[in-house]
Amino acid sequence: MPEGHTIHRLARLHRRALRGRTVRVTSPQGRFAGGAALLDGRISTGVDAYGKHLFYRWSDGPTLHVHLGLYGKFRGYGEAAPLPTAGTRLAMATDDATLHLAGPTACELLDPGEERRLRTRLGPDPLGRRPDPAAFLANLARRTLPIGAALLDQRVVAGIGNVYRSELLFLCRIHPDRPARSLTDTEASRLWAATVAQLRAGERAGRIVTVDPADVGRVRAWALPADQRVYVYKRAGLPCRRCGTTVVSWELAARTISACPTCQPAP
DNA sequence: TACATATGATCAT
DNA sequence: TGATCCTATGTAA
């Protein structure tokens, strides 16, 4: 479930598990054997996240960069120590915790220059240490592509994925097809504010929950089944939770986007 | 058992 | 725009 909220949550958990400890690093699958051997036995100095990227730092030696991509998954922390499977690209273990990584898009070592290049091509991170709404507004003002496509472009804003783009535009009553630069400053500012608020809530809950409890008649909305925790994502053909209009979906930026035709007036 | 699908991103064309 | 990387899960058969 890797949008930005998941990545920041993992950074927090992994920091707690690893920082200050000697870490045994292996690659049961073998594809990261060289990197694992280089890191094995070093002391973790911390873990941090930017957008959907994770950075693991060590008392000395290169930084480990992980990007989960569509399939990548971490297992182990806070659960029973997992058995290494054939697909485990990376295993990190202390005396108290074991983390297994499978299926990542990126699991590699970066020198400082490579990390700098990576970070400079990313837009502002709503969950970053110094959130930068002005940069977000400027990035939108410069683009003619639809806002629904712009939100998936990590150079515009780092950390939003396919679920949040549909949900954020619904919450802000903005039609996905509107050109990014057609948003007023007020709309763009509210979109940024909603992004920060929603990703923070998602990080805290450990899952994407965008519905207002009042709209679903349940105070603990996070406890609802997945398809009831959102307004429009994957709800095409079902009634809008706010107005009852049938939710529609279409392809935008090679992914499926959903929207309510009434709550989000077409341009 | 097989298949469709998935919260991502890059590269070639 | 389409192919590709790669793993897990839910549903159909």
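We name chains A, B, ... by the order of the sequence lines, and we start the count at 1 in each one.
For the pair A:Lys73 NZ and B:dG8 C1', the interatomic distance rounds to 14 Å; values are reported in whole Å. As a whole-Å value, the separation of A:Leu151 CG from B:dT7 C1' is 15 Å. Rounded to an integer number of Å, the gap from A:Glu167 CD to B:dT7 P is 12 Å. Whole-Å rounding puts the A:Gln198 CD to B:dT7 P distance at 18 Å. Atom CZ of A:Arg255 and atom C1' of C:dG2 are 15 Å apart (whole Å). Between the CD1 atom of A:Ile160 and the C1' atom of B:dA9 there is a distance of 16 Å, given to the nearest Å. In this structure, CZ of A:Arg89 is placed 13 Å from P of C:dC5, rounded to the nearest angstrom. Rounded to whole Å, atom C1' of B:dT10 lies 12 Å from atom CZ of A:Arg155.
Taking the P atoms as reference points, B:dT5 lies 13 Å from C:dA13, given to the whole Å. When the P atom is used for both B:dT10 and C:dA8, the distance is 23 Å, rounded to whole Å.
Among the heavy atoms of the strands lying under 4.0 Å from A:Arg31 are primed sugar atoms or P, OP1, OP2 only; no base atom is included. Here A:Glu251 lies out of heavy-atom contact (under 4.0 Å) with every strand. A:Leu68 comes within 4.0 angstrom of no nucleic acid atom, judged by non-hydrogen atoms across all strands.
In terms of phosphate contacts, A:Tyr164 brings no side-chain nitrogen or oxygen within less than 4.0 Å of OP1 or OP2 of B:dT7. In this model, the phosphate group of B:dA9 is approached by a side-chain N or O of A:His67 to a distance below 4.0 Å at OP1 or OP2. Of the side-chain N and O atoms in A:Gln154, none sit less than 4.0 angstrom from OP1 or OP2 of B:dG8. An OP1 or OP2 oxygen of B:dT10 is reached within less than 4.0 angstrom by a side-chain nitrogen or oxygen of A:Arg121. Contact annotation: A:Arg165 side-chain N/O to B:dT7 OP1/OP2 distance is not under 4.0 Å. Note on A:Lys52: a side-chain N or O is less than 4.0 Å away from OP1 or OP2 of B:dG8.
The shortest side-chain heavy-atom distance between A:Glu203 and A:Arg12 falls under the 4.5 Å cut-off.
Enclosure of atom CZ in A:Arg181 is not indicated, since only 12 or fewer non-hydrogen atoms of other residues, nucleotides or ligands lie within 6.0 angstrom. When the shell of 6.0 Å around CZ of A:Arg190 is examined, it contains 12 or fewer heavy atoms from other residues, nucleotides or ligands.
Ring pair A:His53/A:His65 is parallel by interplanar angle, where below 30° counts as parallel and above 60° as perpendicular. Below 30°, between 30° and 60°, or above 60°: for A:Phe74 and A:His14 the angle between ring planes is above 60°, a perpendicular geometry.
Here the nucleotide nearest the side chain of A:Arg75, chosen from C:dT9, C:dT7, B:dT7, is C:dT9.
The distance from the CH2 atom of A:Trp192 to the CG atom of A:Leu168 is 11.0 Å, given to the nearest 0.5 Å.
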Would you write out the dot-bracket form of DNA chain B, 5' to 3', with Watson-Crick and G-U pairs under 3.5 Å, [ ] for crossing pairs, | for pairs to other strands and . for unpaired bases?
-> ||||||.|||||.
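Both cation-pi conditions hold for A:Arg119 and A:Phe55: the charged atom is under 6.0 angstrom from the six-membered ring centre and inside a 45 degree cone around its axis.
A side chain to side chain contact (heavy atoms under 4.5 Å, CB included) with A:Arg24 is found for exactly one of A:Asp40, A:Leu39, A:Thr98, namely A:Asp40.
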